[in-house]
Amino acid sequence: MAPGLFAFRGFVAEGLRDQGRSQGWAKGWTEGWTEGWREGRVYALTHTLLRLLELRRIALSETDRERISSCRDCVLLARWTDRALTARTAEELFSGDGLPRPSGTPAS
């Protein structure tokens, strides 16, 4: 096996390796944690919304389910979750969100 950079010893080499490890750890912690937190929030909001709609017996088309499942916008998912408390149909849930309707769905 080739020695690579880890074969170099000495005060300067050890210091540079330690600095690289520290910077890598800090970057991984902040970026990884932030991205992981956001993905966790999206997951929680998506599943809460789908469960709430199921409990309220609001029928969803496959297109509606895909629209919810593919959404990565926490603000929009939270808005839909709020609306799911009072909406009677999927049409009411999605109305007024300012987004174009997915192709293949009738206009209101």
* To do: Give a yes or no answer on whether the side chain of R56 reaches the backbone of A87 with a donor-acceptor pair at less than 3.5 Å.
  => yes

* Should Y43 and T48 count as side-chain neighbours, where that means a heavy-atom distance under 4.5 Å? -> no

* **Derivation of the side chain to side chain contact (heavy atoms under 4.5 Å, CB included) call for V42 and L77** => CA-CA 8 Å; V42 165; L77 285 166; 4.1 Å; yes

* Compare every heavy atom of A90 with every heavy atom of A59, then report the nearest pair and how far apart it is. => O-CB, 3.7 Å

* So does E54 pair up with R51, basic N to acidic O under 4.0 Å? -> yes

* In chain order, what residues pass the salt bridge (charged side-chain N to carboxylate O under 4.0 Å, His left out) check against R83, with sequence neighbours excluded? -> none

* I would like to know whether C71 and T46 meet side chain to side chain contact (heavy atoms under 4.5 Å, CB included); could you show each step before the answer? => CA-CA 8 Å; C71 183; T46 299; 6.0 Å; no

* Asked: Do L93 and L49 have side chains that get closer than 4.5 Å, going by heavy atoms?
  -> yes

* To do: Inspect the surroundings of CZ in R88 and state if more than 12 heavy atoms from other residues, nucleotides or ligands are less than 6.0 Å away.
  => no

* What are the two closest non-hydrogen atoms of T86 and E92, and how far apart are they? -> O-OE1, 4.2 Å

* Taking the side chain as C-beta and beyond, is there a heavy-atom pair between L76 and R79 under 4.5 Å? -> yes

* Looking at side-chain heavy atoms only, is the closest gap between S69 and L50 below 4.5 Å? -> yes

* Asked: Where do I68 and L60 land on the side chain to side chain contact (heavy atoms under 4.5 Å, CB included) test, with the steps shown first?
  -> CA-CA 10 Å; I68 292 168; L60 295 175; 4.1 Å; yes

* **Side chain to side chain, L53 and D64, heavy atoms closer than 4.5 Å** => no

